[in-house]
Asks: 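Below you'll find the structure I mean.
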Amino acid sequence: MREKILLIDGHSILNRAFYGLPDLTNAEGLHTNAIYGFLNILFKILEEEKPDYLTVAFDLHAPTFRHKQYEAYKGTRKPMPMELREQIPVMKDVLSAMGVTMITKEGYEADDLLGTVAKKSEEKGMDVTILSGDRDLLQLASSHICIRIPKTKGGKTTIEDYYENDVKEAYQLTPLQIIELKALMGDTADNIPGLPGVGEKTATKILLEYGTVENAKAHAEELKPNKAKTAFLEHYDLAVLSKELATICIDSPIEYDWEGAKIHNLYTPEAYEFFKELEFKNFLSRFEDTGEENKIEESFRYITDFTETEKIFERALEEPVVGIELLEEKGQILGLGLAWGEEETEVYSILPQGFVTEDYLIEKTQEFCQQGKLIASLNIKAMLRYMDLKSHNDMFDAGLAAYLLNPLKSEYTYDDIAKEFLGEMFPAKEDLLGKLSYIKAANEKEEELAKSVCYMAYTALKSRTSLLEALEKENMKELYTDMEMPLLFTLADMEKEGILVEAEALKEYGEKLQVRIEALEKEIWEQAGEEFNINSPKQLGVILFEKLELPGGKKTKTGYSTAADVLEKLAPEHKLVADILEYRQLTKLKSTYADGLANYIAEDGRIHSTFNQTITATGRISSTEPNLQNIPVRTELGRLLRKVFIPKDGFIFLDADYSQIELRVLAHMSGDEKLIQAYQEAQDIHRITASQVFHIPFDEVTPLQRRNAKAVNFGIVYGISSFGLSQDLSISRKEAAQYIESYFQTYPKIKGFLDGLVEEAKEKGYVSTLFHRRRPVPELKSSNFMQRSFGERVAMNSPIQGTAADIIKIAMIRVNKRLKEENLKSRLVLQVHDELLIETAKEEVEQVSAILEQEMKEAAHLSVALEIDMHTGENWYEAK
DNA sequence: CTCTTCACG
DNA sequence: ACGTACGTGAAGAGG
């Protein structure tokens with residue numbers, strides 16, 4: 001068997017990884033994506049080839065290194081970005097910790113070192129693999145030297161392999177002729193001039209004919225394209241120089257010690273520390289005997305026995321604080337985790353089996369939680385779906401706490417929380433269960449499932465102290481304790497309550513839509529002259545813009561835009577377009593709402609949506625499965641759908657929404673006297689804005705002026721930009737800029753306030769609401785203009801949107817509390833950002849109206865009064 | 001599994 | 001010169 005050696009072009013692979021992977025950072029803010037990508041590909045090749053020797057070559061002067069892909073594209077030279085540069089020394093440290101040999105030499109590039117070692121190794125009878133992102137190295141290929149070039153295509157990495165034959169196949173040239181090729185065509189990225197006017201095609205043709213640059217020169221007079229001929233005659237010195245530059249040195253004066261390059265154990269304890277530091281948890285499983293991870297796992301016990309389960313619950317009663325996690329999916333209980341102990345932690349995972357039924361587990365858990373012990377969990381609301389628990393102060397929700405500390409994450413998993421707040425690297429759900437759902441894992445990977453349940457309970461228990469400390473430090477303890485924790489119980493109540501839906505009426509609504517949809521479909525096909533899928537933007541684009549040649553440019557990356565605002569401009573041109581718009585509206589109503597909602601009607605005839613408390617970046621609540629916060633209202637046809645949402649017998653809907661809460665928040669937070677005064681004086685804020693901004697008497701404001709003022713008001717809240725406003729109002733950017741300018745003149749403190757928010761965000765890295773809720777704004781640090789502008793708008797919008805969200809949360813908690821305390825039958829059923837819907841017992845209407853009005857208006861005391869609009873109705877349509 | 005579109009505040 | 005309004009979730013198409 002021939003021995004194998006793997007040689008790596010260090011900078012080239014790092015560079016490739018850096019540009020190919022999304023930005024990753026560890027807790028200290030160190031960028032890690034290039035290192036991660038490098039290791040990823042290294043491990044992959046090690047597994048494939050199992051080489052005996054390994055060496056990484058680096059250029060000595062990292063800062064002069066040029067990233068070729070970028071240059072080839074831009075044709076310019078840019079310095080290596082800091083984010084990549086800082087990773088190079090760390091990469092070397094990691095390799096060093098893994099015992100990997102690295103070579104560098106003054107006056108020689110990594111290419112030369114690789115070439116030298118490769119040829120020498122080949123002479124010694126080894127198989128050589130060179131890993132590089134750089135095609136220059138192809139000249140080294142032979143029957144025993146393989147050049148491997150990683151390629152990223154659509155997120156997937158494939159590796160192209162080049163032995164001597166592969167080079168011939170791809171270029172019709174021998175590896176050595178690759179040098180000649182470069183000498184002729186040059187390489188801008190490598191600063192090789194080549195011959196003017198000679199590109200890859202011409203160069204290849206010449207080499208196929210004459211073999212070498214020198215021989216071609218000898219026959220210069222015969223050379224085919226005239227350009228090539230003159231190039232050879234007039235600039236031959238360039239070709240000679242280029243050839244020299246392109247040639248990789250294969251006898252650099254280095255002393256290479258094969259023995260030292262032998263691969264022993266890469267997974268050393270030192271390397272483990274680095275990997276932990278860099279947070280490469282996917283790689284940690286490669287380290288076997290570090291023992292650390294296992295120490296925690298050693299305390300895990302998996303239980304299915306009834307008597308033992310009873311004992312564990314009894315034992316838990318002796319503990320002051322218990323981590324608890326009820327794992328459920330789609331209404332099925334899959335496991336219960338319990339954890340306790342300060343120093344010596346005991347962790348149990350109980351899986352339902354035999355006498356330990358799901359119901360029994362729920363009952364025991366509920367009973368246990370009612371003992372008034374300190375309970376820590378990752379998601380208390382999920383647990384509340386299965387049991388009734390009184391809200392009390394001795395409960396800790398790690399998910400909520402982690403959300404407040406960083407609301408930008410999409411989920412708050414035990415492994416993330418453990419990493420950040422315990423400094424522990426746990427295997428994530430996917431590491432243990434792969435892509436299995438919990439239900440599937442319960443059958444196929446029982447032990448791994450039990451293990452993850454243990455990790456959850458452990459993390460909930462152990463992260464409590466550090467999460468609470470962090471909340472305290474960031475001034476969010478009150479927000480957590482007095483707002484988010486109580487709200488969790490309010491939301492759980494709403495989810496359990498659900499909202500009654502008249503299934504029959506919903507079905508009829510859908511059928512009516514269907515009739516019209518089919519008629520429209522026929523008409524559209526007729527007008528188009530063919531049958532096609534109207535729902536496919538791609539097919540529709542072809543029909544409208546190619547077949548019918550309607551005016552309309554490209555707008556999206558993938559083709560023509562057929563969005564409503566584009567089509568609306570075309571509607572007068574062709575009846576077809578108007579029909580398509582109507583078709584779109586109807587199919588949306590049919591599929592998302594008529595059919596969509598019907599799927600969610602439970603056995604009690606009600607829809608129980610989930611209200612998510614840890615999703616939005618600003619602090620709003622979101623609603624899923626189904627989303628009840630986007631039920632149509634803006635068009636009459638859509639609005640009719642709200643008639644199917646009804647109160648139960650003997651009840652009526654009471655609906656209240658805040659009047660322009662965000663603008664009022666803005667008035668308060670900015671302290672602009674003129675805006676505050678405007679609110680004190682007038683009912684119609686958009687009208688008074690128009691009057692003041694356009695300098696017109698209040699009574700003479702035209703509807704158009706009012707509409708424009710309204711758009712400006714919205715724009716201010718969204719983080720104004722003249723472009724955005726101009727789009728919204730279909731006016732020129734200049735006009736939009738003038739509107740904004742006069743708005744700022746009218747309300748002088750607003751601009752200062754908004755600018756202040758951006759400043760604050762730049763300084764601190766985040767903005768805050770009145771109630772100290774935070775929104776980090778990392779985009780402000782971006783070197784990308786668009787990203788940065790986005791960050792500025794976010795900085796302006798989030799405190800306003802977030803404060804409004806805080807206020808209605810307070811109102812919800814108080815309303816819910818009073819309904820219960822005053823022994824009323826009425827219940828909160830929906831929240832739609834600035835609106836609350838209460839299913840109200842008819843005899844309680846007066847009392848509940850008073851509660852709702854009072855608690856909403858007094859949720860916060862701003863320098864502008866909070867006003868609400870309140871209605872009753874026999875369905876949601878009427879109540880709004 | 002991503003993109004496009006569209007429903008809401 | 002860049003190319004957008006802020007915050008969400010669901011459905012359908014097409015890779």
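What you see is a predicted model, and the numbers here were worked out from it, not measured in a lab. Here is the naming used below: chain letters follow the sequence lines, and residue numbers restart at 1 for every chain.
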Asks: With DNA chain C as reference, determine whether A:S798 or A:F723 sits nearer its 5' end, using the nearest nucleotide of each.
Replies: A:F723
Asks: Rounding to the closest angstrom, what is the interatomic distance between C:dA5 and B:dT4 at atom P?
Replies: 13 Å
Asks: Report, as yes or no, whether the 6.0 Å neighbourhood of atom NZ on A:K547 holds more than 12 heavy atoms from other residues, nucleotides or ligands.
Replies: yes
Asks: Which residue is it: A:Q539, A:R584, A:K538? I am looking for the one with a side chain to side chain donor-acceptor pair (under 3.5 Å) to A:T562.
Replies: A:R584
Asks: Looking only at the side chain of A:S622 (C-beta and beyond, no hydrogens), which of the listed nucleotides C:dC6, C:dT8, B:dT5 gets closest?
Replies: C:dT8
Asks: What is the separation between atom NZ on A:K590 and atom P on B:dC6, rounded to the nearest whole Å?
Replies: 19 Å
Asks: What integer distance in Å separates A:Y583:OH from C:dG12:C1'?
Replies: 11 Å
Asks: Less than 4.0 angstrom from a charged side-chain N to a carboxylate O is my criterion; do A:E518 and A:K590 meet it?
Replies: no
Asks: In terms of side-chain heavy atoms of A:N797, which of B:dC6, B:dT4, C:dG7 is nearest?
Replies: C:dG7
Asks: When you compare the side chain of A:I621 with that of A:K809, does any pair of heavy atoms fall below 4.5 Å?
Replies: yes
Asks: Could you check whether A:D657 gets within reach of a base, just the sugar-phosphate, or nothing at all, counting any heavy atom under 4.0 Å?
Replies: nothing
Asks: To the nearest Å, how far apart are A:L589 CG and B:dA7 P?
Replies: 7 Å
Asks: For C:dA1, give the paired nucleotide (Watson-Crick: N1-N3 plus N6-O4 or O6-N4; G-U: N1-O2 and O6-N3; both under 3.5 Å), or none.
Replies: none
Asks: Can you tell me how far P of C:dG7 sits from CG of A:D806, to the nearest Å?
Replies: 16 Å
Asks: Answer with base, sugar-phosphate or nothing: what part of the nucleic acid does A:Q727 contact at a heavy-atom distance below 4.0 Å?
Replies: nothing
Asks: A:V832 near the nucleic acid: base, sugar-phosphate alone, or nothing, with a heavy-atom cut-off under 4.0 Å?
Replies: sugar-phosphate
Asks: Is the closest basic N to carboxylate O distance between A:R773 and A:E484 below 4.0 Å?
Replies: yes
Asks: Within the 4.0 Å heavy-atom criterion, would you say A:R733 contacts the bases, only the backbone, or no part of the nucleic acid?
Replies: base
Asks: Using the closest heavy atom to pick a nucleotide of DNA chain C for each, name whichever of A:I716 or A:K538 lands nearer the 5' end.
Replies: A:I716
Asks: Counting heavy atoms from C-beta on, name the nucleotide in C:dG7, C:dA5, C:dG12 closest to the side chain of A:N535.
Replies: C:dG12
Asks: Check every strand shown and say whether A:F790 touches a base, only sugar-phosphate, or nothing at a heavy-atom separation below 4.0 Å.
Replies: sugar-phosphate
Asks: Which part of the nucleic acid, if any, lies within reach of A:A564 when heavy atoms closer than 4.0 Å are counted: base, sugar-phosphate only, or nothing?
Replies: sugar-phosphate
Asks: Can you find a side chain N or O atom of A:R775 that sits less than 4.0 Å from OP1 or OP2 on C:dG7?
Replies: yes
Asks: Applying a 4.0 Å non-hydrogen cut-off, can you work out what A:A711 is touching in the nucleic acid: base, sugar-phosphate, or nothing?
Replies: base
Asks: Categorize A:D728 for me: base, sugar-phosphate, or nothing, with a 4.0 angstrom heavy-atom threshold over every strand shown.
Replies: base
Asks: Output the single nucleotide from C:dC6, C:dT4, C:dG9 whose closest atom is nearest the side chain of A:S721.
Replies: C:dT4
Asks: Looking for any heavy atom pair under 4.0 Å, which part of the strands does A:E625 touch: base, sugar-phosphate only, or nothing?
Replies: sugar-phosphate
Asks: Can you find a side chain N or O atom of A:N533 that sits less than 4.0 Å from OP1 or OP2 on C:dA13?
Replies: yes
Asks: Using a distance-only test with no angle check, is there a side-chain donor-acceptor pair under 3.5 angstrom linking A:R664 and A:S659?
Replies: yes
Asks: Looking at the side chain of A:I615, which of C:dG7, C:dT8, C:dG14 is the nearest nucleotide?
Replies: C:dT8
Asks: Any base atoms under 4.0 Å from A:T562, or only sugar-phosphate, or nothing? Heavy atoms, all strands.
Replies: sugar-phosphate
Asks: When you check the phosphate oxygens OP1 and OP2 of C:dA11, does a side-chain N or O of A:T592 lie under 4.0 Å from one of them?
Replies: no
Asks: If the cut-off is 4.0 Å, is A:R620 near the phosphate of B:dG9, judged by side-chain N/O to OP1 or OP2?
Replies: no
Asks: Is the shortest side-chain N/O distance from A:R793 to OP1 or OP2 of C:dC6 below 4.0 Å?
Replies: yes
Asks: Using a 6.0 Å distance limit plus a 45 degree cone around the ring axis, check whether A:K429 lies over the aromatic ring of A:Y438.
Replies: yes
Asks: Counting the atoms with a prime plus P, OP1 and OP2 as sugar-phosphate, which does A:R634 contact under 4.0 Å by heavy atoms, base, sugar-phosphate, or nothing?
Replies: base
Asks: Students often get this wrong, so: under 4.0 angstrom with heavy atoms, is A:S789 touching a base, only sugar-phosphate, or nothing?
Replies: nothing
Asks: Of all the choices, C:dG9, B:dT4, C:dT4, which nucleotide is nearest to the side chain of A:N630 once you look at every atom?
Replies: C:dG9
Asks: Contact class for A:Q539 (heavy atom, under 4.0 Å): base, sugar-phosphate, or nothing?
Replies: sugar-phosphate
Asks: Please give, in whole Å, the distance from C:dG3 C1' to A:R788 CZ?
Replies: 13 Å
Asks: Looking for any heavy atom pair under 4.0 Å, which part of the strands does A:G719 touch: base, sugar-phosphate only, or nothing?
Replies: nothing
Asks: When you compare B:dT5 with C:dT4, how far apart are their P atoms, in angstrom units rounded to a whole number?
Replies: 13 Å
Asks: Name the closest nucleotide to the A:Y593 side chain, picking from B:dA7, C:dC6, B:dC8.
Replies: B:dA7
Asks: C:dA1 C1' sits how many Å from A:F785 CZ, rounded?
Replies: 9 Å
Asks: In terms of side-chain heavy atoms, does A:Y560 have a donor or acceptor partner in A:E546 at a distance below 3.5 Å?
Replies: yes
Asks: Find the distance A:I621:CD1 to C:dG9:C1' and express it as a whole number of Å.
Replies: 15 Å
Asks: Side chain of A:I720: nearest nucleotide among C:dA11, C:dG7, C:dA5?
Replies: C:dA5
Asks: May I have the distance from A:E779 (atom CD) to C:dG3 (atom P), rounded to whole angstrom?
Replies: 17 Å
